[in-house]
Each structure stands twice: as C-alpha cells, then as structure tokens.
Amino acid sequence: MKNADLSAFSSLLMAWNRNFNRRAMPWKGIKDPYKIWMSEIILQQTRVDQGEKYYTDFIASYPTISQLANANEEDVFRKWQGLGYYNRCRNMIVTAKFIHTENDAIFPDDYDSILALKGVGEYTAAAISSFAFNLPYAVVDGNVVRVLSRVFSLHASYFDATGKKAIQALAQTLIDKKEPGKYNQAIMDLGATICKPQQPDCSSCPLTLICQARLTDSIASFPIKKERKPLKERPFHFLVFHTTSTIYLTKRSGNDIWKDLHTFYCIETEKLTQKLLPDFINTRELNKPLVLTQILSHQKITGYFYLIPLQTATSLKSLNLISVKKTAINKIAFPKLILSFFENNQYL
DNA sequence: AAACCGGGGTT
DNA sequence: AACCCAGGTTT
C-alpha cells in the first residue's frame, strides 16, 4: 500500500468524525473507566442496540465498582439474563471484586494491568486504555477489521495468526497518537454506520477515494470471512420436578453452555432410556414432553420438558437439586430456553 | 491453533 | 438460511 494512503487515512477519518459523525451512545465520551469497562464487557460480540438497555440498567443498579462487587451474585446474573455468553458476567463479577478488594476500588490505569483483568482481552484493554486514559492503543474489533480490510484490500484473514498480527500492526500504525480515544471511536463508528457489512454507504464515506476495494469494485470480497461450522445438536431432556408450592432446579457447572445459570434436572441424550433416569422414575410414567428448540451460534438445543408432579420431595434427595418456591423463580437467573418453558406453563 | 461460549437483528 | 455483532478463555 502507498504511504500517502496511510497518512491520508487518519486525517480523512478524523475530519469525518468532526464534521459528520453524529452517532450517540450512552457511554460515548465518558471518562469513568468503570463505566467504560462495563460497556465494553456488555458489548463483546453484542450489538450496540441490544446492549444499551443492559448498560443503562447495570449502571443505574451499580453506580460504582464497589457496589457491583458487593452485590448479590444471583441478582447480577439475573440482570445479565438474556444477554448470552454468561462467562462475561462471571468474569465481570470476579474483576469487580478484585478491583474492590485488591486495588482499593481504583481501576487500573495502564494497558498491561487492564489486559490482565479477567474477561479483558486485547480489544477491550485497548478500548479502556484509549477512552478512559487517552493511551495510544488501537482497537481491533469487527468494525476495524472490515474497514481496514476494504480500504487496504487486505487479503490476510483476521482468523489466522499471521493475518491477525498484520491487521493489528496496521491498525496501530494508523492510530492518531494525540487523540487515540477519538480515533478509536471514529473508526468503529464509521464501520457501524457507513462501512457496514452489507450494502455499505460508500457515497457517504470519507475514505471512498482511497478505498482499494472500492476502486477495484471488490468490496464484497472483504473482509476475508471465517468458515462456519455446522451446528452441534444438543438434545436436553429436562425433568421438571415440582410440588404444589415448590420447583426443583439445578445450577449448571463445568465448562459448558449456561454455566452458573439454573435449569431443571437435565439428561443429555439422544434417546431417553430407563437406565439414564433416576430409579424412582419409570419411562412409561413420563408424559409426552413439551418440546422447545433454540438455535444458538454454535449449537442447536432441543429441550424435552417432562412435567413430573410430586406429592413429596423425599425421592429427590440423591439428585442434589435446589428447591425454590414457585413464587420466587423471578429471583433466579435462567437461560432463554427455560424462560420460554415458563411462558408455556403458567399453571406451574 | 482450535474449540467453545448465546442470543438476536438484518438481509 | 447466511451473516455477524465494540471478543475472550480454555484446551
């Protein structure tokens, strides 16, 4: 690529940002690293539109990192409910507690310390460093990859190691060293509002005259995409034990989907057989299950919900279930599929 | 390096 | 149905 284009890129972008960029978001321009961190964690792999109300709710409920650190964890997960990638929520809690107890509730102010926080990778560390502390670290998110890939017709893929390094190095070359926060915000805003994945608005783009993909009419070829793998099928058989007043749940653990969220007693199997069931249940006694499916990015969940009313809970002892009053399930955090089940079972 | 982790909007 | 979103951690 030409050096002239490298220097033109940033000045054209910053001029567009000053004169035309009217994108507004609740966290834009804020300097409080806690709030910036919160917004960035929420926005990981999440569209701005989807994350906004969660951000507003979290900041209103927990105005400071110490209030988040001292919050009831189930309440925090409950607020995160529906956002997905629940590891983000647990890491957020871990980091809030860490900063509150180990760092006098003071958010770290250098890149390496920020990067060391749980749930913070290179993108998020660069975002916090530049937005809160005006440090010159270039963000590389999906927007940046797309803009740079098109403007410089990068045939490197961000989804292999060398391509990733090349794109990060280019991004770092281009950043405005005096106003890194504004620059990072501007390139992401451009990607989100002009240089969109589909049907980019090239006629409004400040870079249209130096955009190599545009000049060679090959915008659709950039950026290089990641190959998609087929969905993994997950058949979940849920035994919904309940008495008139109580329902029985389990908290998911391990490194699997929905960690730390609650579901019903779950047996993952293609075909539910007698020996997979607890001793006191007979396959013939099971009613026809309610079947609900949910498509996720990487797997297809099919939930088979078997309602199992009980007179007493004595037979459940060995299953280590959590008993919850039916009137209190609104205090518990569930994945979407379980919420869908509740919506289909008002009589529970 | 590759696998894994949700949910949803847009086209 | 495909694409992809202000990515990060674990194996």
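Quick note: numbers below take in every heavy atom, side chains included, and nothing from hydrogens, waters or symmetry partners. In this text, all values refer to a predicted model and were calculated from it rather than measured experimentally. Chain A is the first sequence line, chain B the second, and so forth, proteins listed ahead of strands; every chain is numbered from 1.
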J.: Evaluate the ring planes of A:Trp80 and A:Phe58, with Trp represented by its six-membered ring, and classify them as parallel (under 30°), tilted (30 to 60°) or perpendicular (over 60°).
T.: perpendicular
J.: Check the distance between C:dA6's P and A:Lys28's NZ and give it to me in whole angstrom.
T.: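 After rounding, the gap between these two atoms is 13 Å.
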J.: Name the nucleic acid region contacted by A:Trp80, choosing base, sugar-phosphate or nothing; use a 4.0 angstrom heavy-atom cut-off, strictly under.
T.: nothing
J.: Just call it for A:Met25: base, sugar-phosphate, or nothing, with non-hydrogen atoms closer than 4.0 Å on any strand.
T.: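 If one applies the 4.0 Å heavy-atom cut-off, A:Met25 turns out to touch a base.
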J.: Could you give the NZ-to-P distance, from A:Lys196 to B:dT11, as a whole number of Å?
T.: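 Result: 7 Å.
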J.: Can you confirm whether the side chains of A:Asn17 and A:Asn21 place a donor and an acceptor under 3.5 Å from each other?
T.: yes
J.: Rounded to whole angstroms, how far apart are CZ on A:Phe159 and C1' on C:dC5?
T.: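 That distance rounds to 11 Å.
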J.: Could you work out which one of C:dA6, B:dG8, B:dC5 sits closest to the side chain of A:Met188?
T.: C:dA6
J.: Can you label the angle between the A:Phe334 ring and the A:His262 ring as parallel, tilted or perpendicular, going by 30° and 60°?
T.: perpendicular
J.: By nearest atom, which of the nucleotides C:dC5, C:dA6, B:dT11 is closest to the A:Gln199 side chain?
T.: B:dT11
J.: Any N or O donor-acceptor pair linking the side chain of A:Thr46 to the base of B:dG6 at under 3.5 Å?
T.: yes
J.: Going by heavy atoms closer than 4.0 Å, what residues in residues 117-132 of chain A are next to DNA chain C?
T.: A:Leu117, A:Lys118, A:Gly119, A:Val120, A:Gly121, A:Glu122, A:Tyr123, A:Thr124
J.: Students often get this wrong, so: under 4.0 angstrom with heavy atoms, is A:Ile42 touching a base, only sugar-phosphate, or nothing?
T.: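 Counting heavy atoms under 4.0 Å across all strands, no contact is made by A:Ile42.
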J.: What integer distance in Å separates A:Arg88:CZ from B:dG7:P?
T.: 11 Å
J.: Please classify the nucleic acid contact of A:Ala161 as base, sugar-phosphate, or nothing, using heavy-atom distances under 4.0 Å.
T.: sugar-phosphate
J.: Measuring only the P atom in each nucleotide, how far is B:dC4 from C:dA6? A whole number of Å is fine.
T.: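 The same atom, P, in both gives a distance of 25 Å.
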J.: What about A:Gln198, does its side chain sit under 3.5 Å from the base of C:dA2 through a donor-acceptor pair?
T.: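 For A:Gln198, whose side chain was compared with the base of C:dA2, there is no donor-acceptor pair (under 3.5 Å).
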J.: Using a 4.0 Å heavy-atom cut-off across all strands, classify A:Val48 as base, sugar-phosphate, or nothing.
T.: sugar-phosphate
J.: Output, in order, the C-alpha distance, side-chain angles, deciding distance and verdict of ring pair (Phe, Tyr, Trp, His ring centres under 6.0 Å) for A:His237 and A:Tyr265.
T.: CA-CA 8 Å; A:His237 297 260; A:Tyr265 184 83; over 10 Å; no
J.: For C:dC4 and A:Gln45 - does any side-chain N or O of the residue sit under 4.0 Å from the phosphate oxygens OP1/OP2?
T.: no
J.: Please confirm whether the shortest side-chain N or O distance from A:Gln44 to OP1 or OP2 of C:dG7 is below 4.0 Å.
T.: no
J.: Establish, with yes or no, whether the OP1 or OP2 oxygen of C:dT9 is under 4.0 angstrom from a side-chain nitrogen or oxygen of A:Arg90.
T.: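 No, A:Arg90 has no side-chain N/O under 4.0 Å of OP1/OP2 on C:dT9.
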J.: Other residues, nucleotides and ligands only: do more than 12 of their heavy atoms fall within 6.0 Å of NZ on A:Lys300?
T.: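 Open.
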J.: Which part of the nucleic acid, if any, lies within contact of A:Glu52, taking any heavy atom under 4.0 Å across all strands shown: a base, the sugar-phosphate backbone alone, or nothing?
T.: nothing
J.: Please verify the inter-ring angle class for A:Trp27 with A:Tyr55; under 30° counts as parallel, over 60° as perpendicular, anything in between as tilted.
T.: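 Rings of A:Trp27 and A:Tyr55: perpendicular, as their planes differ by over 60°.
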J.: Between A:Tyr55 and C:dA6, does any side-chain N or O lie under 4.0 Å from OP1 or OP2?
T.: no
J.: Could you label the plane-to-plane angle of the A:Trp37 and A:Tyr34 rings as parallel, tilted or perpendicular, counting under 30° as parallel and over 60° as perpendicular?
T.: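 A:Trp37 and A:Tyr34: tilted rings.
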J.: Please test A:Asn143 against A:Asp189 for side chain to side chain contact (heavy atoms under 4.5 Å, CB included), starting from the C-alpha separation and ending with a verdict.
T.: CA-CA 8 Å; A:Asn143 292 305; A:Asp189 286 348; over 6 Å; no
J.: Should A:Asp201 and A:Ser203 be marked as a side chain to side chain donor-acceptor pair (under 3.5 Å) after you check the CA-CA gap, both sets of side-chain angles, and the distance that decides it?
T.: CA-CA 6 Å; A:Asp201 188 6; A:Ser203 63; 3.0 Å; yes
J.: Could you check whether A:Gly82 gets within reach of a base, just the sugar-phosphate, or nothing at all, counting any heavy atom under 4.0 Å?
T.: sugar-phosphate
J.: Please tell me which of A:Asn255 and A:Arg146 maps to the more 5' nucleotide of DNA chain C, matching each residue to the nucleotide holding its nearest heavy atom.
T.: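 Going by which nucleotide is closer to the 5' end, it is A:Arg146.
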J.: Using OP1 and OP2 only, check whether a side-chain N or O of A:Asn87 sits under 4.0 Å from B:dC5.
T.: no
J.: Can you tell me the distance, in whole Å, between the CG atom of A:Asp49 and the C1' atom of B:dG7?
T.: 14 Å
J.: Would you call A:His298 stacked on B:dC4, i.e. ring centres under 5.5 Å apart with the planes less than 30° off parallel?
T.: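 The base of B:dC4 is not stacked with A:His298 (the test needs centres under 5.5 Å and planes under 30°).
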J.: Given C:dC4, B:dG8, C:dA6, identify the nucleotide with an atom nearest to the side chain of A:Lys225.
T.: C:dC4
J.: When you compare C:dC3 with B:dG6, how far apart are their P atoms, in angstrom units rounded to a whole number?
T.: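 Going atom to atom, P in each nucleotide, I get 22 Å.
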J.: In whole angstrom, give the distance that lies between atom CZ of A:Arg228 and atom P of B:dC4.
T.: 15 Å
J.: Mind checking whether A:Phe264 and A:Phe342 have parallel, tilted or perpendicular rings, split at 30° and 60°?
T.: perpendicular
J.: Atom NZ of A:Lys53 and atom P of B:dG7: how far apart are they, to the nearest Å?
T.: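 In whole Å, B:dG7 P lies 14 Å from A:Lys53 NZ.
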J.: Starting from C1' on B:dG6, measure out to CG on A:Leu83 and report it in whole angstrom.
T.: 9 Å
J.: Identify whether A:Ile93 and A:Leu43 are in the same connected component of the hydrophobic contact network (ILVMFWY, side-chain heavy atoms under 4.5 Å).
T.: yes
J.: Give A:Lys232 one of three labels, base, sugar-phosphate or nothing, depending on what nucleic acid heavy atoms sit under 4.0 Å from its own.
T.: nothing
J.: Taking only heavy atoms on the protein side, list every residue of residues 256-269 of chain A lying under 4.0 Å from any atom of DNA chain B, sorted numerically.
T.: A:Asp256, A:Ile257, A:Trp258
J.: Which sits closer to the 5' end of DNA chain B, A:Lys226 or A:Lys336, going by the nucleotide each is nearest to?
T.: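 In this pair, the answer is A:Lys226.
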J.: For C:dT9 versus B:dG8, give the span between their C1' atoms, rounded off to a whole number of Å.
T.: 23 Å
J.: Does some side-chain heavy atom of A:Leu296 sit less than 4.5 Å from a side-chain heavy atom of A:Leu231?
T.: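 No. Closest side-chain heavy atoms not under 4.5 Å.
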